[in-house]
Every structure is written in structure tokens, then in C-alpha cells.
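FYI, side chains are in, hydrogens and waters are out, and symmetry mates aren't considered; it's all heavy atoms of this structure. Counting convention: from 1, in listed order, for ligands and their atoms alike.
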Amino acid sequence: MERRKGRRLVVFPLPLQGHISPMLQLAGILHSKGFSITIIHTNFNSPNPSHYPNFTFHSIPDGLSESEIEASASDIVLLLKLLNAKCVEPFSDCLVKLLSDASEDPISCLISDAIFYFTRAVADTLKLPRIVLRTGGVSSFLAFAAFPLLRERGYLPIQDSQLEKPVEELPPLKVKDLPVINTDDPNAFYEVVAGLVNETKASSGVIWNSYEDLEHSALVTLRQEFPIPIFPIGPFHKYSSPSSSSSLLTQDQSSISWLDKQAPKSVIYASFGSIAGLNEAEFLEIAWGLANSKQPFLWVVRPGLVLRGSEWLEPLPSGFLETLNGRGHIIKWAPQQDVLAHPAVGAFWTHNGWNSTLESICEEVPMICMPCFSDQKVNSKYVSDVWKVGLQLESGVKREEIERTIRRLMVEKEGEDIRDRISELKEKANLCLQQGGTSRKSLDSLVTHISKLESFTFKSHSQPSRTRPV
Ligand code: UDP
């Protein structure tokens with residue numbers, strides 16, 4: 001492993017695919033700026049250290065039992081709550097060891113996923129500055145930050161009768177677009193959101209996988225409401241060529257050879273990320289909507305995508321695949337960035353996770369939006385109504401609606417206009433990343449900011465603390 005003298009960052013990703021990838025991309029970006037990188041990670045969903053020979057990895061026990069892992073597979077709030085409680089001790093033990101290891105470079109600061117809100121108290125006790133990475137967009141974060149107000153004014157918890165009501169405090173959102181998550185423990189959800197927002201506010205700075213031209217007005221509001229340093233330096237994945245190394249599942253490369261045989265911009269790529277689940281009825285409507293659209297399609301059916309019961313494709317009627325005559329290709333996990341960059345792909349049917357949304361914009365692939373929960377709902381609203389680079393399924397997951405939406409996007413004039421707008425957004429992303437572009441400048445400010453924090457850290461750690469926070 002390459003050794004660099006002087007500046008070390010300790011990085012702590014949340015162990016979910018949509019969080020691990022951007023954190024490791026960020027680590028790569030900062031490594032290229034001269035920092036050495038130490039990753040602390042949980043055993044659960046551990047990244048593969050052999051893919052990152054330049055980084056040092058330290059695994060901590062997360063304390064999750066088999067039954068907790070099983071229960072949290074269908075309740076993400078439970079997982080976040082458990083991780084924030086169970087990682088406190090192993091994480092602080094690990095950090096104390098790293099701080100007191102005189103054979104290693106001194107640590108400049110901690111960069112923690114913002115959802116690991118417990119890290120604020122640990123870092124404070126150890127007098128280590130803490131910057132957070134928020135892996136979602138700025139607009140959805142502002143919606144989370146407004147939760148106390150939204151609860152006070154009766155928007156939350158969401159009432160079915162109010163779904164179409166505009167949220168005047170957060171235009172253009174309607175009640176149905178608010179970033180809620182179904183959980184058995186709604187109070188735990190509010191606790192996690194409060195932890196995310198409050199401990200972000202108490203950080204020494206926030207890094208965003210976003211860019212000025214995409215979320216300018218949200219960034220203006222954020223700077224007013226969060227008087228801490230803000231660094232929008234995205235899109236991260238465009239700093240280097242696509243890499244599969246942070247993928248927790250094996251990416252099926254047959255998708256690329258299948259795409260090679262399809263006409264330009266003809267294929268619908270359908271994938272709903274690493275967490276979202278569908279019921280069997282929705283799954284079948286999607287299958288028939290894709291089949292009836294007469295367009296070729298590449299569909300990611302992650303094992304576990306269909307909730308309760310089926311392993312993989314069992315709910316499909318027998319003979320379904322044969323009737324397609326090769327027009328559909330179904331896989332368990334795709335090399336998504338390569339797929340979106342392939343000339344045959346003409347549309348992305350997505351759940352609008354933030355990474356998927358950015359990846360689609362950066363490859364100028366218009367979207368069909370089917371948000372499932374949390375920030376996906378806000379992202380989807382921005383895609384369809386603000387940036388106007390995609391279409392929502394307006395009357396739910398029904399095969400006729402799916403066919404109609406695919407036609408609007410792939411065949412009709414409306415689709416052409418959408419393609420023009422997404423090309424402009426992609427161009428803006430490219431400009432942000434060029435020398436002198438807003439994201440590059442923000443990255444330079446981040447490096448300067450970390451250098452200033454360093455002097456604070458090095459002074460307070462001239463005699464490393466060996467106490468563990470409680
Ligand atoms: N992804 C992938 N292959 C797939 C589906 C998704 O590599 O078949 C990647 C995708 O490129 C993205 C991440 O998984 O970087 C999903 O993150 P996102 O924020 O879109 O959604 P989440 O999984 O967090 O809901």
C-alpha cells in the first residue's frame with residue numbers, strides 16, 4: 001500500500017449500497033488531493049478492501065444479530081436505529097486506537113455519513129473535527145429539516161385525504177411527495193430524521209454529491225438555514241471512469257453484450273435500486289407493462305425485490321419470457337453506470353434513489369419515475385416537475401399506464417423535449433467538473449477547510465486521548 005506522509009482522513013460509510021458507493025468515490029477524490037484514507041466499516045455489508053489497495057480498512061463489529069438483520073431487511077428505519085445505537089462503542093474504540101497510533105499519519109478529521117448521527121458525540125469527546133457526507137440531494141434534505149414544522153402544521157403524519165394538498169412551505173412538493181418511510185416504529189423514524197438534521201447542523205461542514213446548477217435554489221436556502229461550510233462537489237462518479245468495485249452484489253455483464261445487439265436509444269432500463277420492494281401485483285403489472293410496450297427492455301430483478309415469498313422470477317406466468325422472443329433481458333444486478341452510458345439505452349425506469357437519478361442525468365437518459373419511499377419521492381418530483389427530465393406514472397403501477405408513459409417518453413414529441421432538457425443538465429454537470437467549475441472550486445475550498453481543521457486537531461492531539469466516550 002502506498003504511504004503518504006502528513007494528512008489522513010478517517011471515513012465512515014453507512015453500510016448500504018447507495019451510501020457506500022458515494023463515500024468510497026469521495027474517498028478516492030480526496031486521495032487524489034493528497035490525503036491518505038482510512039476507512040472504518042461495519043461487518044454488515046462490508047466493502048471489499050482488496051478493490052482499494054490505496055486505502056486502509058478497519059472493520060468494527062456492528063453487533064447486529066441474525067434476527068435483527070432479517071427484521072431490518074423489511075424495515076430500514078429499524079436498521080438505522082440499531083446501527084446508531086450498536087456502533088457507538090466499537091466505533092469509538094476503533095477511533096481511539098487510530099488516534100493514538102503514533103506509527104500512522106496524524107488524523108485531520110473524520111468524514112462520517114450524515115445518517116451515522118451518533119458519530120458527533122464520539123468525535124466531540126475525542127476532539128476530532130467531524131465533516132459529514134450527505135449522500136442524498138439538498139432539496140430532500142430541506143424537506144427532512146422541515147419535519148418539526150410539518151408535524152406542527154399537520155402535514156405529518158400523512159393523511160390519505162391530503163395527498164394532493166400542496167405543502168406551501170416547500171414548493172413544489174405536495175403531501176404525497178414528502179420523504180416518509182413505512183415502519184413499525186414511526187417515532188424511531190422521527191428520531192433518525194432529527195439525528196440526521198441536528199447532527200449535520202452541528203458538524204464542521206457538509207459535503208454534497210450534488211452541483212450548483214442542479215440544486216441552486218435549495219443550496220441558497222440551505223446556506224441560510226445551516227450556517228456551516230457547505231461543499232457541493234458532485235457528481236462524484238464523474239471524477240473517474242466507472243468502477244464496479246463498491247458494488248455489494250455481482251454485476252451481470254451479460255447486460256452489456258445484450259445491449260450491444262439493440263438499436264440506439266431503443267431500450268428501457270428498469271431498476272429500482274438496492275432496497276425498494278414491490279408486492280406481487282405491482283411486479284406483474286411492471287412485467288406486462290414492459291412486455292406490452294413493444295420496446296426492448298433490460299430489467300433488474302434483485303433477489304428479494306418482490307416482498308414476501310418469492311426468490312426471484314417465480315411470480316411471472318409460465319411462458320412469459322418465451323413470448324418476448326429475446327426482446328427482454330432480466331438480470332439480478334447490473335453494471336448500472338455502464339448500462340446508462342450504453343448508446344442503446346433510451347429511458348431509465350427508476351425508483352429515483354439519488355445515485356440513480358444523478359447517474360441518469362449524467363448520461364442524459366430520461367426517466368420514468370416510480371419513487372417508493374424517503375427522499376426518492378422528493379427526487380422524483382424534481383425530476384418530473386422542476387428539471388422536467390422525466391415522467392411520473394400518474395395513475396399508479398398499472399400496465400396500461402406504464403405502456404402509455406413509455407410511449408410518451410420514447411415515441412412522442414414530449415419525449416424529445418425531455419431529452420433536450422436532460423442533455424442541458426448533463427452539460428451543466430460536465431461544466432461544474434471542469435477546472436474553474438463550481439464543483440471543482442468547492443472541492444478546492446473543502447481541501448483548504450480540512451487543512452484549517454488540521455491545525456486544530458493536531459494541537460488537541462499532541463497528547464492523544466485514551467479515554468473512551470460514553
Ligand atoms: N446499482 C447497480 N446495479 C443495479 C442497480 C443499482 O450498480 O442493478 C447501483 C446504482 O448505480 C447506484 C446504487 O446502486 O449507484 C443505488 O443507489 P440509489 O441511491 O440509486 O438507490 P438505493 O439503492 O440507495 O435505493
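With a 6.0 Å radius and a threshold of 12 heavy atoms from other residues, nucleotides or ligands, Asn182 has its CG atom at or below the threshold.
Note on ligand 1: Tyr269 sits in its first shell, one or more heavy atoms being nearer than 4.0 Å. For the pair His351 and ligand 1, a heavy-atom separation below 4.0 Å is found.
Within the listing of ligand 1, atoms 8 (O) sit less than 4.0 angstrom from a heavy atom of Val300. The distance from ligand 1 to the heavy atoms of Gly273 drops below 4.0 Å at these ligand atoms: 23 (O). Within ligand 1, counting atoms from 1 as listed, the ones closer than 4.0 Å to a heavy atom of Ala334 are 2 (C), 3 (N), 4 (C), 7 (O), 8 (O). When each atom of ligand 1 is checked for a heavy atom of Gly353 under 4.0 Å away, the hits are 18 (P), 19 (O), 20 (O), 21 (O).
Ranking the protein heavy atoms by distance from atom 24 (O) of ligand 1 puts Gly18 CA, 3.5 Å first. Closest protein heavy atom to atom 1 (N) of ligand 1: Trp333 CZ2, 3.3 Å. Distance from atom 16 (C) of ligand 1 to its nearest protein heavy atom, with residue and atom name: Ser356 OG, 4.3 Å. Atom 13 (C) of ligand 1 has as its closest protein heavy atom Gln17 CG, 4.1 Å.
Considering backbone and side-chain atoms alike, Ser274 places an N or O below 3.5 Å from some N or O of ligand 1. Below 3.5 Å of separation, one finds no N or O of Phe272 facing any N or O of ligand 1.
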For Phe91 and Phe116, run ring pair (Phe, Tyr, Trp, His ring centres under 6.0 Å): C-alpha distance rounded to whole Å, both residues' side-chain angles, the deciding distance at 0.1 Å, then the answer. CA-CA 11 Å; Phe91 176 76; Phe116 265 142; 7.4 Å; no

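When heavy-atom distances to ligand 1 are checked against a 4.0 Å cut-off, Asn355 comes that close through both its backbone and its side chain. If you look at Trp354 next to ligand 1, the close heavy atoms, those under 4.0 Å, all belong to the backbone. In Arg302, neither the side chain nor the backbone holds a heavy atom less than 4.0 Å from any atom of ligand 1. No part of Gln337 comes within 4.0 Å of ligand 1, judged by heavy-atom distances. Residue contacts with ligand 1, taken as heavy atom pairs separated by less than 4.0 Å, involve Ser271 solely via side-chain atoms from C-beta onward.
Using modelled atom types, no side-chain atom of Thr38 and backbone atom of Val10 make a donor-acceptor pair closer than 3.5 Å. Checked by atom type and distance alone, the side chain of Ser46 never pairs as donor or acceptor with a backbone atom of Asn43 at under 3.5 Å. Counting only distance, with no hydrogens or angles, the side chain of Glu364 and the backbone of Glu427 share no donor-acceptor pair below 3.5 Å. Listed for the Asp75 side chain is no donor-acceptor partner under 3.5 Å among the backbone atoms of Ser72. Checking side-chain atoms of Arg399 against main-chain N and O of Leu284 turns up no donor-acceptor pair under 3.5 Å. When atom types are taken as modelled, the side chain of Glu215 and the backbone of Val138 share a donor-acceptor pair closer than 3.5 angstrom.
Looking at Glu359, Gln336, Gln251, it is Glu359 that brings a heavy atom closest to atom 15 (O) of ligand 1.
By the 4.5 Å heavy-atom criterion applied to side chains, Ile402 and Trp349 are counted as neighbours.
Among Glu414, Glu401, Glu416, the one residue that satisfies the salt bridge (charged side-chain N to carboxylate O under 4.0 Å, His left out) test with Arg408 is Glu414.
Checked for salt-bridge contact, Glu285 and Lys398 miss the test: no charged N lies under 4.0 Å from a carboxylate O.
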